[in-house]
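To keep things clear, I will list the structure first and then write my remarks on it.
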Amino acid sequence: MSRPTRRRVHHPGAIAIFIGPFAALFTLFYLLPVAYAVWQSTRTVERTGTFGPAEEVFGGLTQYREVIADEAFWASVGRVLLFGAVQVPVMLGVALLLALLLDSPVVKGARFFRLAFFAPYAVPGVIAAIMWGFLYSPNLSPFTGITREVDFLGSGLVLWSIANVVTWVYVGYNMLIIYSSLLSIPGEVYEAALLDGAGQWRIAWSVKIPLVLPAIILTGVFSIIGTLQLLAEPQVFRTFSTAVTSDYTPNLLVYTTAAVPNQPLAAAFSVVLALATFVLSFTFLKLTQRRAFS
Amino acid sequence: MSATPSSTAYRQSPVSRTVAMVVLGVFTLYFLTPIWWLFIAATKERGDLTTTNPLWFSDLNLVENLQGVFTYGDGILPRWLINSVLYAGVGSLVATVLAGMCGYALAKYAFPGRELIFNVVLGGVLVPATALALPLFLIFAQVGATNTFWSVFLPSIVSPFGVYLARIYAASSVPDELLEAARLDGAGEVRTFFSVSVRLMVPALVTVYLFQFVAIWNNFFLPLIMLRDERLFPVTLGLYNWNTVVNQVPELRLYVLTGSLVSIVPLIVVFLLLQRFWRSGLGTGSLK
């Protein structure tokens, strides 16, 4: 917060030109939708008689009571939380491992590997899901030897098959964030450690990892946000697998509910989901006791 | 950014080198095999798709497949590609200019409410885009503007993360003395920004552009909700639509695969060309 000041603001015209357009659009397409969703979630549909015209009236927290009682919603939240609890650490662990390997003097051809690992990030989630859908299928896969034995698209495994798609796309991206922060560590830091007789593993563990922790936290926060919002990949997988239902993830449920159409309930789902995302990423930032955003 | 520790003086055991290279090799296979498979599949005749080695060429049919996929459905795929380029290419350009100006002003000018604006924008970074899609649809429906080009384009040109990046980068890379000197020369603030400051901010701006480009190119929920008219679809939504009817229209299978390949090639090219900006810019995002 800025202290109240009597000093004259210089160049108010220029400030308005610089900030005005973004502020206007941000208000229209961020703040207004958030406010609209909150307002919408307090509405409820009332009918006079069974076949009477539907009318939207103020319903207070009616929709939220429904959200709390909605088992499908909580099942989907539980599903993405389980997904995130496994997938995010695996993905970030692999990203960190690869970044450390690429940064270590042991490895030759780091440039090639960097590109190879980053390439899947160029594949949009929808396209990646279509590709992997084919790769998992028992008939079309190049690995039918495996896919005929293991049912990757059955209800038991499909969550982890989707996790693999997400991991495949995003490991390289997260690796690059961690890697670029490794590159910005000054060389003198290592020289001191080498003089103390530390080996590469020791340097990685005691010097590099602590220094890139802010980058890992940043990737962690974005991964948590992404996990709770899971939509495109499971939506695509519905073509390949009957195990992915229309309420498989919270966002799929929002989409299904909005299509009913039950806009107030869909809005209430969205609000609860956004709050949960915010609380979770905020808690994660606090727990790690560092500030990735400054 | 380029400071790497000198590596000549280290003695490394051959064992750890071998282990490291094996690990990297295995992951290379994991990341590249699906893309290789897609490429091979796109070169095959329909009949060969399931009957020949999926990871190696059979009769080369790539040109015919490309002709087929580009003309299928009255040439809808090229239209989708153009839409994607407009949504993502032009949209992220506008987004970068807006975010660059805003972040710059937040970094370089003192005025009441500055921190409040920045904090609200930072909160915007944490608001998931999918949570906005549904209320956006309802708002656009109020003014009868759903199922239009603008209903997908306009929400995409707002990048709170871009403002955040532009601000921290402008704060550290545009010296106040330079702005003072420009003022003494009589240059206006806006002109100074576009002629002097923008050049110093190029690495951050390219990063913002790339981030936003990928975000829009990958965005699925917003066009899924907003658009009914196939001719307005971005390529991801179009291919998704094809894929949902693949079981009823089996000849589409090959076109889905060929179309997927066509849709990722431009992105891979852009990434390769701009990769040095990626690295320097990503560092800016995570380390102040």
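As the structure is a computational prediction, the values presented were derived from the model and not from experiment. Convention: sequence-line order gives letters A, B, ...; per-chain numbering from 1.
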Heavy-atom pairs under 4.5 Å with chain B: which of [options] has the most?
{"options": "A:V126, A:L102, A:L28", "result": "A:V126"}
{"options": "A:V107, A:T277, A:I130, A:V123", "result": "A:I130"}
{"options": "A:A274, A:P120, A:A259, A:S270", "result": "A:P120"}
{"options": "A:A37, A:A122, A:S104", "result": "A:A122"}
{"options": "A:L135, A:I225, A:I178", "result": "A:L135"}
{"options": "A:M131, A:H11, A:Q40", "result": "A:H11"}

Residue [X] versus chain A: region with a heavy atom under 4.5 Å:
{"X": "B:F221", "answer": "both"}
{"X": "B:S263", "answer": "side chain"}
{"X": "B:L24", "answer": "both"}
{"X": "B:V163", "answer": "side chain"}
{"X": "B:F31", "answer": "both"}
{"X": "B:V265", "answer": "neither"}
{"X": "B:L134", "answer": "side chain"}
{"X": "B:N247", "answer": "side chain"}
{"X": "B:L55", "answer": "side chain"}
{"X": "B:R183", "answer": "side chain"}
{"X": "B:V256", "answer": "side chain"}
{"X": "B:L154", "answer": "both"}
{"X": "B:F213", "answer": "neither"}
{"X": "B:S159", "answer": "backbone"}

Looking at B:E115, is its backbone amide N or carbonyl O close enough to the side chain of B:N119 to form a donor-acceptor pair, meaning the two atoms are under 3.5 Å apart?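 Between the backbone of B:E115 and the side chain of B:N119 there is a qualifying donor-acceptor contact (under 3.5 Å).
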
Is there a donor-acceptor contact under 3.5 Å from the side chain of A:N251 to the main chain of A:Q229?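 Looks like yes, one N/O pair under 3.5 Å.
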
Does NZ or CZ of A:R114 fall inside the cone over A:Y179's six-membered ring, less than 6.0 Å from its centre and within 45° of the axis?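 No, A:R114 and A:Y179 do not form such a contact.
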
Between [options], the one whose heavy-atom pairs under 4.5 Å with chain A are most numerous:
{"options": "B:V121, B:I40, B:V235", "value": "B:V121"}
{"options": "B:V245, B:L237, B:L138", "value": "B:L138"}
{"options": "B:L224, B:I157, B:V23", "value": "B:L224"}
{"options": "B:L267, B:I225, B:N243", "value": "B:N243"}
{"options": "B:P34, B:P155, B:S260, B:A20", "value": "B:P34"}
{"options": "B:I35, B:L239, B:I268", "value": "B:I35"}

Check each atom of [X] against the heavy atoms of chain B and say whether the ones under 4.5 Å are side chain, backbone, both or neither.
{"X": "A:E188", "result": "neither"}
{"X": "A:V189", "result": "neither"}
{"X": "A:L97", "result": "side chain"}
{"X": "A:F112", "result": "side chain"}
{"X": "A:Y30", "result": "both"}
{"X": "A:L31", "result": "side chain"}
{"X": "A:F278", "result": "side chain"}
{"X": "A:I17", "result": "both"}
{"X": "A:F269", "result": "neither"}

Measure the spacing between [atom1] of [X] and [atom2] of [Y] and express it to the nearest 0.5 Å.
{"X": "B:T28", "Y": "B:M21", "atom1": "OG1", "atom2": "CE", "value": "8.5 Å"}
{"X": "A:K208", "Y": "A:L211", "atom1": "NZ", "atom2": "CG", "value": "10.5 Å"}
{"X": "B:F118", "Y": "B:C102", "atom1": "CZ", "atom2": "SG", "value": "9.5 Å"}
{"X": "B:L38", "Y": "B:L261", "atom1": "CG", "atom2": "CG", "value": "5.0 Å"}
{"X": "B:I264", "Y": "B:W217", "atom1": "CD1", "atom2": "CH2", "value": "11.0 Å"}
{"X": "B:T130", "Y": "A:L231", "atom1": "OG1", "atom2": "CG", "value": "7.0 Å"}

Any donor-acceptor pair under 3.5 Å linking the side-chain atoms of B:Y240 with those of A:Q235?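 Result is yes, a qualifying pair exists.
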
Could you check whether the rings of A:W168 and A:W132 sit parallel, tilted or perpendicular, using 30° and 60° as the cut-offs? perpendicular

Between B:F140 and A:F29, what is the ring plane arrangement, given parallel below 30°, perpendicular above 60°, and tilted in between? parallel

Which pair of heavy atoms, one from [X] and one from [Y], lies closest together, and at what distance?
{"X": "B:F111", "Y": "A:V9", "value": "CB-CG1, 3.8 Å"}
{"X": "A:L252", "Y": "A:P234", "value": "CD1-CB, 3.9 Å"}
{"X": "B:P54", "Y": "B:W37", "value": "O-CD1, 3.6 Å"}

Taking only residues two or more places apart in sequence or in another chain, which ones pass side chain to side chain contact (heavy atoms under 4.5 Å, CB included) with A:P33?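 Side chain to side chain contact (heavy atoms under 4.5 Å, CB included) list for A:P33, sorted by chain: B:L132, B:P135, B:L136, B:I139.
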
side-chain hydrogen bond (donor to acceptor under 3.5 Å, both in side chains) against B:Q142, all qualifying residues, sequence neighbours excluded: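 By the side-chain hydrogen bond (donor to acceptor under 3.5 Å, both in side chains) rule, B:Q142 matches A:Y36.
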
Could you give me the CA-CA distance, side-chain angles and deciding distance for A:Y136 and A:F240, then say whether ring-ring contact (aromatic ring centres under 6.0 Å, His included) is met? CA-CA 9 Å; A:Y136 288 138; A:F240 298 104; 8.9 Å; no

Mind checking whether A:F117 and A:V94 have side chains closer than 4.5 Å, heavy atoms only?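 They are not in side-chain contact.
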
Would A:F222 and B:F161 count as a ring-ring contact (aromatic ring centres under 6.0 Å, His included) here? Give the steps. CA-CA 12 Å; A:F222 283 131; B:F161 189 67; 5.6 Å; yes

